[in-house]
Number of protein chains: 2
Amino acid sequence: MRQNPERRTALIDAAIEVLAGQGARGLTFRAVDNQAGVPIGTASNYFANRDALLVQAGRRVFQRLDPGAAVIGEALALPRTRASVERLMHEMVERITGFGSGFLAMLELRLEATRRPELRKVLTEQIRENLQANIDFHLETGMPGDARSVEMLYLALNWLITEQLTLPEVFGEGRTKELVAAAVDMIVPPR
Amino acid sequence: MRQNPERRTALIDAAIEVLAGQGARGLTFRAVDNQAGVPIGTASNYFANRDALLVQAGRRVFQRLDPGAAVIGEALALPRTRASVERLMHEMVERITGFGSGFLAMLELRLEATRRPELRKVLTEQIRENLQANIDFHLETGMPGDARSVEMLYLALNWLITEQLTLPEVFGEGRTKELVAAAVDMIVPPR
DNA sequence: AACTTACCACTACACTCGGAGTGGTGTCAA
DNA sequence: TTGACACCACTCCGAGTGTAGTGGTAAGTT
């Protein structure tokens with residue numbers, strides 16, 4: 001088992017691209033090697049089997065989807081109004097949509113998790129943490145809305161992103177902003 | 001190309017189960033044959049190729065997810081209140097969750113649609129119709145809320161179902177009812 | 001009633017493809 | 001000099017597709 005960390009990360013990122021681009025069906029060691037531009041057989045050396053690759057991809061996706069400190073800092077400077085929440089939600093949707101392959105890979109992984117208990121455990125943990133962090137941040141900053149509001153935004157916006165990434169013509173990409181705004185308007189109480 | 005319609009339907013339904021159970025990766029003619037309990041090679045005789053099978057599965061899922069006339073009739077007899085909407089939404093979530101393999105298959109198909117224009121066309125069409133029918137029904141019956149409310153419920157409840165079917169421990173299955181109720185409370189205006 | 005046509009279930013198989021894994025060699029750095 | 005890793009070649013194996021072929025059955029025809 002090889003240990004070069006940069007190379008390992010590069011392989012995992014390649015796996016994410018493969019997952020998004022070719023689906024779980026296309027995720028093979030060879031495909032990862034090709035995507036990463038390394039010689040055939042390399043991924044074999046870094047991951048004991050396909051399962052290990054999936055689990056590590058599962059962790060990595062969330063790591064990359066996380067907002068940076070910059071976004072957090074910016075949020076702290078905003079007034080505690082519904083308009084700010086709207087802005088933050090737009091930002092989040094933009095950010096995630098911008099890393100579309102990450103979100104699609106996560107969807108693929110969710111479906112895989114149906115059949116792989118270990119992967120399910122990892123994803124559940126990551127998502128719970130993520131959601132809880134969002135709730136805590138929201139409450140601590142004193143933005144309008146409670147924990148329930150955050151959960152609802154989580155639900156609505158996740159499917160909005162899913163829709164726009166998988167079947168963009170259902171709503172039309174132009175309606176994204178409008179729908180985000182509507183979600184916030186309905187879910188977050190005015191202040 | 002064989003034409004026996006019952007058998008064809010049985011094969012497509014088998015394909016849906018395979019999609020849900022083993023993912024797009026596992027969807028092969030052989031797997032479908034096994035699932036349907038017919039001799040190996042049968043699916044080959046009914047579908048020109050894997051694509052055709054996917055597209056037909058795409059249509060079938062929606063056919064089976066459709067509420068029957070019974071549900072429609074029941075809805076018409078309800079008072080035009082938020083409580084009724086809540087009840088209808090519970091019913092819908094129950095119904096879809098009850099055909100979990102159908103919903104999961106649809107998710108798999110969505111992801112496949114990313115790479116298959118024809119499948120994307122079929123799914124987009126089905127979903128637009130479906131959503132529009134929901135909106136029309138809602139408006140015509142005079143239930144509280146407008147088109148926007150229906151879209152929001154669509155967003156939130158779809159992801160709720162996704163969450164419960166793929167990573168049930170994130171929220172816990174026990175919270176489904178509560179979350180549906182919360183969604184309706186926030187999204188549908190009181191009347 | 002015998003014949004014919006058509007359809008379909010079922011079987012078998014040839015052929016291809018692609019992946020997994022392994023062992024070996026070269027290379028660089030400690 | 002030794003160990004770790006990149007790179008490469010090669011083999012084994014399983015799976016899947018598509019097709020050709022066989023037998024049976026039902027309906028229609030003369």
Side-chain angles (χ1 to χ4, degrees), chain A residues 1-58 60 105 108-109 111-112 114-116 118-119, chain B residues 1-58 60 105 108-109 111-119:
Chain A
M1 183 95 6
R2 304 295 145 81
Q3 287 306 340
N4 180 336
E6 293 85 33
R7 209 173 176 85
R8 173 174 295 269
T9 306
L11 286 168
I12 297 177
D13 284 339
I16 291 173
E17 294 305 317
V18 172
L19 270 175
Q22 327 201 122
R25 184 183 175 78
L27 186 74
T28 65
F29 284 159
R30 276 174 149 68
V32 172
D33 291 334
N34 285 332
Q35 176 73 35
V38 298
I40 306 267
T42 306
S44 253
N45 291 329
Y46 275 83
F47 305 96
N49 49 46
R50 207 167 157 270
D51 266 54
L53 182 55
L54 285 169
V55 169
Q56 295 186 39
R60 175 73 175 153
E108 295 275 3
L109 288 170
L111 289 167
E112 277 290 309
T114 289
R115 302 156 225 129
R116 295 175 196 273
E118 198 190 350
L119 180 56
Chain B
M1 183 101 359
R2 304 297 146 81
Q3 289 306 340
N4 181 337
E6 293 85 32
R7 197 159 247 248
R8 168 171 245 105
T9 307
L11 286 169
I12 298 176
D13 284 339
I16 291 173
E17 293 306 317
V18 172
L19 269 175
Q22 327 203 117
R25 184 184 176 76
L27 185 74
T28 65
F29 284 160
R30 278 177 150 66
V32 172
D33 291 334
N34 285 333
Q35 175 73 33
V38 299
I40 306 272
T42 305
S44 251
N45 291 330
Y46 276 83
F47 305 95
N49 48 46
R50 206 166 158 271
D51 266 54
L53 181 56
L54 285 170
V55 169
Q56 295 186 39
R60 175 74 176 153
E108 295 276 3
L109 288 170
L111 289 166
E112 277 290 310
T114 289
R115 300 154 226 132
R116 296 176 196 270
E118 198 190 350
L119 180 57

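Order of the sequence lines sets the chain letters (A, B, ...), proteins ahead of strands, with each chain counted from 1.
Distance check: A/Gln22 CD to A/Thr28 OG1 gives 7.5 Å after rounding to the nearest 0.5 Å. Interatomic distance, CG of A/Leu27 versus CD of A/Glu112, reported as 8.5 Å (0.5 Å rounding). Atom-to-atom distance recorded for A/Asn34:CG and A/Ile40:CD1 is 4.5 Å, nearest 0.5 angstrom. Summarising the geometry, atom CD1 belonging to B/Ile12 is positioned 11.5 Å from atom CG belonging to B/Leu19; distances are rounded to the nearest 0.5 Å.
When the C1' atom of C/dA14 is taken as reference, atom CD1 of B/Ile40 falls 16 Å away, rounded to whole Å. Atom CG of B/Asp33 is separated from atom P of D/dA15 by 15 Å (rounded to the nearest Å). We find that CZ of A/Phe47 is positioned 16 Å from C1' of C/dA20, with the value rounded to whole Å. Computed from coordinates, the A/Arg8 CZ to D/dA4 C1' distance equals 14 Å when rounded to whole Å. Look at CD on A/Gln3: it is 15 Å from C1' on D/dA6, rounded to the nearest Å.
Along DNA chain C, the nucleotide nearest to B/Arg7 and the one nearest to B/Arg25 differ in position, and the one closer to the 5' end is contacted by B/Arg7. Looking at which nucleotide of DNA chain D each of B/Asn45 and A/Val38 is closest to, the 5′-most match is held by A/Val38. Two residues, B/Thr42 and B/Met1, neighbour DNA chain C, and the one matched to the more 5' nucleotide by heavy-atom proximity is B/Met1.
Counting any heavy atom pair closer than 4.0 Å across all strands shown, B/Ala48 reaches sugar-phosphate atoms only and no base atom.
A sub-4.0 Å separation between OP1 or OP2 of C/dA9 and a side-chain N or O of B/Tyr46 is present. For C/dG19, one of the phosphate oxygens OP1 or OP2 lies less than 4.0 angstrom from a side-chain nitrogen or oxygen of A/Arg30. In terms of phosphate contacts, B/Thr28 brings a side-chain nitrogen or oxygen within less than 4.0 Å of OP1 or OP2 of D/dG16. Distances shorter than 4.0 Å separate some side-chain N or O of B/Asn4 from OP1 or OP2 on C/dA9. Put simply, A/Asn49 has no side-chain N or O that comes within less than 4.0 Å of OP1 or OP2 on C/dA20.
Judged by distance alone with a 3.5 Å cut-off, no donor-acceptor contact links the side chain of A/Arg2 to the base of D/dA4.
Exactly one of A/Arg60, A/Arg8, A/Arg7 qualifies for a salt bridge (charged side-chain N to carboxylate O under 4.0 Å, His left out) with A/Asp13. That residue is A/Arg60.
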